[in-house]
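Remarks on the structure that follows.
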Amino acid sequence: MAIERTFSIIKPNAVAQNVIGEIERRFEQAGLTIIAMKMLKLTREEAEGFYAEHKGKPFFAGLIDFMTSGPMIVQVLEGENAIHHNRELMGATDPAKAAPGTIRADFGSHEQVSANAVHGSDSPISAAREIRYFFTEDELFPH
Ligand code: DAT
Ligand code: MG
């Protein structure tokens with residue numbers, strides 16, 4: 001299997017819950033390496049551009065409200081099969097339906113799906129686009 005890169009967000013609700021370290025521990029313990037990271041607060045324009053594929057869906061406005069509500073961590077994870085591996089660690093989109101022990105089951109909101117603690121790219125094309133959206137090449141530090 002190939003070494004891949006994936007884009008990850010620790011969303012505002014998880015940052016507010018003080019579980020950045022716990023989430024990073026899970027990634028590192030699973031063999032994923034953080035090769036870039038920063039903390040930032042998105043503007044509405046940045047959030048809308050990032051989630052452009054969901055424009056027009058009923059949850060879009062609420063998702064943008066939530067993603068601009070506070071600071072978050074954006075980062076790049078590298079490792080074997082990183083895109084799929086990260087999605088497995090995250091669990092299903094709706095925290096109420098995510099498998100026990102996944103990040104979203106443990107730290108996601110059961111009232112608000114958008115506050116599901118983490119984002120992870122869903123394909124190599126998305127990963128490349130999302131990494132480029134937040135990072136320049138010289139901000140990536142592969143081991
Ligand atoms: P994922 O983040 O698992 O890739 P997605 O790309 O379908 O899920 O949706 C992006 C985000 O939008 C998701 O993390 C939370 C929010 N979202 C998705 N479906 C939703 C729904 N039915 N109700 C409320 N928010 C939703
Ligand atoms: Mg998605």
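Keep in mind it's a predicted model, so treat the numbers as computed, not measured. Whatever order the structure lists ligands and atoms in, that order sets their numbers, starting from 1.
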What pairs of donor and acceptor atoms, side-chain ones from residues 40-47 against any protein atom, are under 3.5 angstrom apart with sequence neighbours left out?
unit_1	atom_1	unit_2	atom_2	d
Thr43	OG1	Glu46	N	3.0
Thr43	OG1	Glu46	OE1	3.4
Arg44	NH1	Asp65	OD1	2.9
Arg44	NH2	Asp65	OD1	3.3
Glu46	OE1	Thr43	N	2.9

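- Annotation: side chain of Glu139 is not in contact with side chain of Val76 (no heavy-atom distance under 4.5 Å).
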Pair Gln75-Ser8, side-chain hydrogen bond (donor to acceptor under 3.5 Å, both in side chains): steps then yes or no: CA-CA 5 Å; Gln75 58 190 2; Ser8 162; 3.1 Å; yes

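- Listed by chain and residue number, Ser121, Asp122, Ser123, Glu130 satisfy the side-chain contact (heavy atoms from CB on, under 4.5 Å) test with Ser126 (two or more places apart in sequence, or in another chain).
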Which protein N or O atoms sit under 3.5 Å from any N or O of ligand 1? Give atom names and distances.
unit_1	atom_1	unit_2	atom_2	d
ligand 1	2 (O)	Arg104	NH2	2.9
ligand 1	3 (O)	Arg87	NH2	3.3
ligand 1	3 (O)	Thr93	OG1	2.5
ligand 1	3 (O)	Arg104	NH1	3.0
ligand 1	4 (O)	Arg87	NH1	2.8
ligand 1	4 (O)	Arg87	NH2	3.3
ligand 1	6 (O)	His54	NE2	3.0
ligand 1	8 (O)	Thr93	OG1	3.3
ligand 1	9 (O)	His54	NE2	3.4
ligand 1	14 (O)	Lys11	NZ	3.1
ligand 1	14 (O)	Asn116	ND2	2.9

Donor-acceptor contacts, no H, no angles, side chain residues 89-101, under 3.5 Å, sequence neighbours left out:
unit_1	atom_1	unit_2	atom_2	d
Asp94	OD1	Ala96	N	2.9

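- Ser114 and Phe66 make their closest contact through O-CE2, 3.2 Å (heavy atoms, listed as atom of the first residue, atom of the second, distance).
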